[in-house]
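One structure below.
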2 protein chains.
Amino acid sequence: MNPVSTPTPTSATVGPTSAGHSTASTGEGNSKTCDEALAQAFTFLGKRWNGVILGTLTNGASGFAELRRNVTGISDSVLSERLSELQTAGLIVRAVEPGPPISVSYQLSDAGTALVPAMHALSVWAAKHFPGPGDRTP
Amino acid sequence: MNPVSTPTPTSATVGPTSAGHSTASTGEGNSKTCDEALAQAFTFLGKRWNGVILGTLTNGASGFAELRRNVTGISDSVLSERLSELQTAGLIVRAVEPGPPISVSYQLSDAGTALVPAMHALSVWAAKHFPGPGDRTP
DNA sequence: ACTGGTTGCTTCGTTTTTAGAAGCGACCGG
DNA sequence: CCGGTCGCTTCTAAAAACGAAGCAACCAGT
């Protein structure tokens, strides 16, 4: 399980939550490993920026530069890489408008959109347990 | 926003989902940034291994070595670091049993436990959109 | 007594990932 | 023409993760 490599959707050894590690759950008796599906979810969500990018796209389609501005702190190169990965994984869709000026927009795919309720649950949890950016009283 | 540093719960500049970037949401008109609470959640969940560790601990308390085995693919040093961070953040609790042999166990805190439903939602989503470890048809 | 194993980490060097700046062609407005 | 934006790409530097070795404490077997 090496998430360092681009989470190639083809490999079972992807992400911090690679299926590889999940498959090591032995299956019998001692079943204290992470749920495989959850591990799979964290193939993407456990990778820096993906969660925030997807969260940002819940507001609607955005272009590269717009995302760059709205996902504060992300670099061009990482954003480009993440968008490519998320697209390959089928979580977002990239649409090109060809006529001058050419423009590109990214939006959540059906799969990405299906993730929104879970993301909302995370948001609700965080709002409760991280009351303020500087308030650490979980 | 530098998640590279240990997500010190005191700082507003933590994680890929630092409050710093969320606060840059400008607040008026163009509100397409990620929800601040969600960004905060990804301070931890967007960091390699945290989601899987927390997911693993939903099965109940575990020792270090047990976690090491059950979170397949994680290294000792990263596990140690992550446990420390998650404890500092109040998501897990470390309990020491002193009498020979000394043993240490980690379990979800109240805040960590409160995260379980959201994690479950993620798991359900992933099971639907990633049907199999090697099956990439979201 | 010694050996080998487990536990719960720590340390250190290596590899991978992320960050950050600069760059490019296309397009637009002044 | 210039300067700006867009949508990236490229390259170097910094940070994170990896992987192996190490340590003290403890236990069981010979």
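In what follows, every chain begins at residue 1, and chains take the letters A, B, ... in the order their sequences are listed.
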Rounded to the nearest angstrom, tell me the gap between atom [atom1] in [X] and atom [atom2] in [N].
X: B:Glu85; N: C:dC9; atom1: CD; atom2: C1'; value: 15 Å
X: B:Ile53; N: C:dG8; atom1: CD1; atom2: P; value: 15 Å
X: A:Arg48; N: D:dA14; atom1: CZ; atom2: P; value: 17 Å
X: A:Glu97; N: C:dC28; atom1: CD; atom2: P; value: 13 Å
X: A:Arg68; N: C:dA22; atom1: CZ; atom2: C1'; value: 13 Å
X: B:Leu79; N: D:dA20; atom1: CG; atom2: C1'; value: 16 Å
X: B:Ile74; N: D:dA20; atom1: CD1; atom2: P; value: 15 Å
X: B:Arg82; N: C:dT10; atom1: CZ; atom2: C1'; value: 16 Å

Q) Mind checking what makes side chain to side chain donor-acceptor pair (under 3.5 Å) contact with B:Asp110, not counting sequence neighbours? A) none
Q: Compare all side-chain heavy atoms of B:Val93 with those of B:Leu108 and state whether any distance is below 4.5 angstrom.
A: no
Q: Indicate yes or no: at least one non-hydrogen side-chain atom of B:Asn70 is less than 4.5 angstrom from one of B:Asn59.
A: no
Could you tell me whether a side-chain N or O of [X] sits under 3.5 Å from a main-chain N or O of [Y], the two making a donor and an acceptor?
X: B:Trp125; Y: A:Leu38; answer: no
X: B:Thr88; Y: B:Ser84; answer: yes
X: B:Ser80; Y: B:Ser77; answer: no

Q: Assign each of A:Val78 and A:Pro98 to its nearest nucleotide of DNA chain C by heavy atoms, then name whichever residue's nucleotide is nearer the 5' end.
A: A:Val78
Protein and nucleotides 7-11 of chain D: nitrogen or oxygen contacts under 3.5 angstrom:
from  : atom 1 : to       : atom 2 : distance (Å)
D:dG7 : OP1    : A:Val104 : N      : 3.0
D:dG7 : OP1    : A:Val104 : O      : 3.0
D:dG7 : OP2    : A:Phe64  : N      : 3.1
D:dG7 : OP2    : A:Ala65  : N      : 3.1
D:dC8 : OP1    : A:Arg94  : NH2    : 2.7
D:dC8 : OP2    : A:Arg94  : NE     : 3.4
D:dC8 : OP2    : A:Tyr106 : OH     : 2.3
D:dC8 : N4     : A:Asp76  : OD2    : 2.6
D:dT9 : OP2    : A:Ser80  : OG     : 2.9

